[in-house]
Trainee: 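One structure is given below, represented as structure tokens, and several questions about it will come after.
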Protein chains: 2
Amino acid sequence: MQIVNEHRRKDIHNSDIPTVCAACEARHGGVCGTLTPDQLLDLSRHSTRRSIEPGREVIGQGETTESYANIIKGVVKLSKVLADGRQQIVGLQFAPDFMGRPFTRESALTAEAAVDTDICCFPRTVIDRLVAEAPGLEHRLHEQALKELDEARDWMLTLGRKTAQEKVASFLYIIATHIDPENGTANEFDLPLSRADIADYLGLTIETVSRQITKLRKDNVIRIENSRHVNVPSLDRLMHVAGID
Amino acid sequence: MQIVNEHRRKDIHNSDIPTVCAACEARHGGVCGTLTPDQLLDLSRHSTRRSIEPGREVIGQGETTESYANIIKGVVKLSKVLADGRQQIVGLQFAPDFMGRPFTRESALTAEAAVDTDICCFPRTVIDRLVAEAPGLEHRLHEQALKELDEARDWMLTLGRKTAQEKVASFLYIIATHIDPENGTANEFDLPLSRADIADYLGLTIETVSRQITKLRKDNVIRIENSRHVNVPSLDRLMHVAGID
DNA sequence: TCGGCAACTTGATCAAAATCAAAGGCGTCT
DNA sequence: AGACGCCTTTGATTTTGATCAAGTTGCCGA
């Protein structure tokens with residue numbers, strides 16, 4: 001996943017993308033790197049900017065996905081729920097990820113902003129048209145899907161085989177490495193998720209998450225202010241606690 | 001996932017694929033549906049057939065992936081291990097799935113045959129060349145990636161939020177619906193995994209898996225012979241126990 | 001400055017699954 | 001047939017994390 005970020009950054013800097021897409025700032029990543037100037041212009045004309053406050057739903061589970069979107073700023077939770085209300089967050093998307101479910105009209109997920117989030121939406125008709133005429137775009141979407149698949153499988157190992165302590169440490173590691181991809185790994189950051197969200201991401205309860213965070217604090221693996229602001233003195237130590245070799 | 005199987009079956013029957021690919025029987029699905037006769041011929045000339053006995057590794061974790069493969073027959077486990085040996089199976093692939101990690105030279109996974117398995121391998125150079133000249137092929141690979149992503153996320157819900165009982169029932173449901181996709185859902189089948197493998201797939205221990213299977217048997221949700229052969233009188237009942245609404 | 005509320009923490013107890021331990025099947029090799 | 005080995009089941013006990021139940025903290029609006 002480090003490699004993918006690296007690659008994405010390279011795309012942005014090396015390509016001579018005009019700033020037409022600046023209207024939605026989507027040039028900062030996402031999907032634009034593979035398009036011709038004309039196509040970019042086309043895309044930006046059809047794009048709309050949306051701001052979403054925390055907890056607001058982007059796409060509901062089972063709803064028809066009418067659009068794709070670049071995340072400009074913020075964090076989006078992708079989650080699934082069981083009939084009786086048990087919930088599992090199955091993925092987090094950070095700026096500048098591309099969101100959407102190509103070739104599927106039904107979204108099997110609920111997408112919800114975790115913090116104040118800005119997205120740039122493209123109608124699916126436009127994206128589908130561009131995919132048909134620009135093979136590079138499908139390649140880009142394919143790469144995104146493979147990246148998400150890798151992340152999902154990494155997380156399956158965490159969900160299935162790690163202890164509560166390791167899960168919480170793994171979560172903090174994920175946030176540290178993704179919250180600000182432009183600047184690499186952060187050793188100080190605000191948690192984009194509440195304790196309840198963290199619990200849903202880790203397959204734990206709120207209380208267990210809280211206790212494990214307290215333990216990490218007492219063990220000097222992290223420092224905490226505000227219950228949201230985290231400082232990680234040594235990433236190596238965090239990774240060790242997380243069971244990442 | 002029902003939809004995808006449906007779709008795959010349709011592909012096979014509707015397309016007028018020549019039987020050149022018969023050399024490796026890969027025509028039964030996989031990747032061939034999107035190619036021209038010439039390209040199929042090209043592909044089949046470079047394909048090699050391999051038989052793999054249970055437990056044998058197909059691609060090792062961290063090894064370079066030199067080839068892609070269609071699964072002709074059998075089941076392949078995709079797994080990840082922690083430094084201390086804890087293991088998690090992150091995916092199962094059934095015939096006629098296409099296996100491989102496009103655009104990534106490093107495999108983050110170990111792929112291992114669960115039962116006697118036949119695969120048809122294509123060197124990555126050939127596939128990469130065909131992807132470049134046949135845009136439909138990348139589309140096909142992209143769809144496969146999205147299908148695997150959906151399955152991975154479904155499984156995350158199972159790993160994170162279901163009880164041991166629900167996990168085991170969910171596993172049996174997966175097998176019933178995937179073991180023989182040509183004929184739809186099976187209500188009688190042989191388990192392709194040992195208890196240890198099932199445990200690694202469900203994030204449980206062998207003992208817990210065994211106890212839950214015993215409980216399902218006592219509750220008349222399933223019948224068992226040989227500890228491998230399973231009969232499911234009512235799929236609805238199994239789904240209900242699995243927490244699938 | 002004071003409620004009031006939501007999010008978080010902490011404590012006590014409980015339950016589900018892990019662990020430890022011992023049999024019980026079943027196939028294979030001699 | 002008998003002995004060995006592997007996989008599976010079953011039982012007893014322990015541990016981890018869930019549940020139930022108070023408290024804190026911090027934030028916002030009156």
Side-chain angles (χ1 to χ4, degrees), chain A residues 53-55 77 82 84-88 112 114-116 158-172 190-219 222-230 241 243, chain B residues 53-55 77 82 84-88 112 114-116 158-172 190-219 222-230 241 243:
Chain A
E53 60 258 47
K77 305 175 284 182
L82 248 21
D84 61 4
R86 281 175 289 174
Q87 188 168 64
Q88 176 69 44
E112 198 176 294
V115 294
D116 281 310
T158 299
L159 286 174
R161 287 302 183 198
K162 289 189 185 174
T163 64
Q165 177 80 161
E166 290 168 327
K167 284 181 177 181
V168 171
S170 297
F171 165 73
L172 294 172
D190 280 319
L191 292 176
L193 301 189
S194 68
R195 297 292 186 268
D197 284 338
I198 298 171
D200 281 345
Y201 193 33
L202 297 170
L204 298 172
T205 59
I206 300 181
E207 295 94 327
T208 299
V209 169
S210 180
R211 277 185 249 271
Q212 295 303 333
I213 288 179
T214 300
K215 184 165 191 311
L216 287 174
R217 191 166 46 67
K218 287 188 177 154
D219 293 349
I222 55 172
R223 287 168 168 284
I224 296 226
E225 299 153 26
N226 284 343
S227 84
R228 281 279 188 154
H229 193 81
V230 177
V241 175
Chain B
E53 61 257 49
K77 304 175 284 181
L82 247 21
D84 62 4
R86 281 174 288 176
Q87 188 167 64
Q88 176 68 45
E112 200 175 293
V115 295
D116 281 311
T158 299
L159 287 174
R161 289 299 182 200
K162 288 190 186 173
T163 63
Q165 177 81 165
E166 291 168 327
K167 284 180 176 182
V168 171
S170 298
F171 165 73
L172 293 173
D190 280 319
L191 292 176
L193 302 188
S194 67
R195 298 295 187 266
D197 284 337
I198 298 171
D200 281 345
Y201 192 34
L202 297 170
L204 299 171
T205 59
I206 300 180
E207 295 93 329
T208 299
V209 169
S210 179
R211 275 185 251 269
Q212 295 303 334
I213 288 178
T214 299
K215 185 165 190 310
L216 288 174
R217 190 166 45 68
K218 287 185 177 155
D219 293 349
I222 55 173
R223 288 168 168 285
I224 296 224
E225 299 153 24
N226 283 344
S227 85
R228 281 278 187 156
H229 192 81
V230 177
V241 175

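Note that the structure is predicted; figures quoted are calculated from it, not measured. Heavy-atom basis, side chains included; hydrogens, waters and symmetry copies ignored.
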Trainee: In whole Å, I'd like the distance from the CD1 atom of A/Ile224 to the P atom of C/dA7.
Mentor: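 One finds 17 Å between P of C/dA7 and CD1 of A/Ile224, rounded.
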Trainee: Starting at atom CD1 of B/Ile198, determine the distance to atom P of C/dA17, rounded to an integer number of angstrom.
Mentor: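 Atom-to-atom, B/Ile198 to C/dA17, this comes out as 16 Å.
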Trainee: Take atom CZ in A/Arg223; do more than 12 heavy atoms of anything else shown fall under 6.0 Å from it?
Mentor: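 Counting other residues, nucleotides and ligands, CZ of A/Arg223 stays at 12 neighbours or fewer.
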Trainee: Rounded to the nearest Å, what distance is computed from the CD atom of residue A/Glu166 to the P atom of nucleotide C/dA18?
Mentor: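 A/Glu166 atom CD is separated from C/dA18 atom P by 15 Å.
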Trainee: Can you give one letter per nucleotide of nucleotides 11-17 of chain D, going 5' to 3': B for a protein heavy atom under 4.0 Å from the base, S for sugar-phosphate only, - for none?
Mentor: BB----S
Trainee: With nearest nucleotide decided by heavy atoms, which residue, A/Asn226 or B/Arg195, maps closer to the 5′ end of DNA chain D?
Mentor: B/Arg195
Trainee: Would you say the side-chain atoms of A/Gln88 pair up with the backbone N or O of A/Tyr201, donor to acceptor, closer than 3.5 Å?
Mentor: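 Yes: the side chain of A/Gln88 pairs with the backbone of A/Tyr201.
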Trainee: Give the rounded distance in Å between these two atoms: CD of B/Glu225 and P of C/dG25.
Mentor: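 That distance rounds to 17 Å.
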Trainee: To the nearest Å, give me how far apart NZ (B/Lys215) and P (C/dA17) are.
Mentor: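 After rounding, the reported distance stands at 11 Å.
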Trainee: Check the distance between C/dA7's C1' and A/Leu191's CG and give it to me in whole angstrom.
Mentor: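 After rounding, the reported distance stands at 13 Å.
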Trainee: Return the value, rounded to whole Å, for the distance between atom CG of B/Asp200 and atom P of D/dT8.
Mentor: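 Atom-to-atom, B/Asp200 to D/dT8, this comes out as 12 Å.
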Trainee: Any non-hydrogen side-chain atom of B/Val241 less than 4.5 Å from a side-chain atom of B/Gln165?
Mentor: yes
Trainee: Could you give the CD1-to-P distance, from A/Ile206 to D/dT19, as a whole number of Å?
Mentor: 11 Å
Trainee: With heavy atoms under 4.0 Å as the rule, sort B/Ser210 into base, sugar-phosphate or nothing.
Mentor: base
Trainee: For the pair B/Arg211 (side chain) and B/Ile206 (backbone), establish whether a donor and an acceptor sit closer than 3.5 Å, ignoring hydrogens and angles.
Mentor: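 It does not hold such a pair.
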Trainee: Could you work out, with side chain to side chain donor-acceptor pair (under 3.5 Å) as the rule, every residue matching B/Asn226, not counting sequence neighbours?
Mentor: none
Trainee: So, does A/Ser227 get its side chain near the phosphate of D/dT25, meaning an N or O under 4.0 Å from OP1 or OP2?
Mentor: no
Trainee: Flag the pair B/Leu172 / B/Leu191 as yes when at least one side-chain heavy-atom distance between them is below 4.5 Å, and no otherwise.
Mentor: yes
Trainee: Side chain of B/Arg217, heavy atoms from C-beta onward: which of D/dT8, D/dT10, C/dT9 has the nearest atom to it?
Mentor: D/dT10
Trainee: Examine distances only and state if a side-chain atom of B/Arg86 and a backbone atom of A/Arg161 form a donor-acceptor pair shorter than 3.5 Å.
Mentor: yes
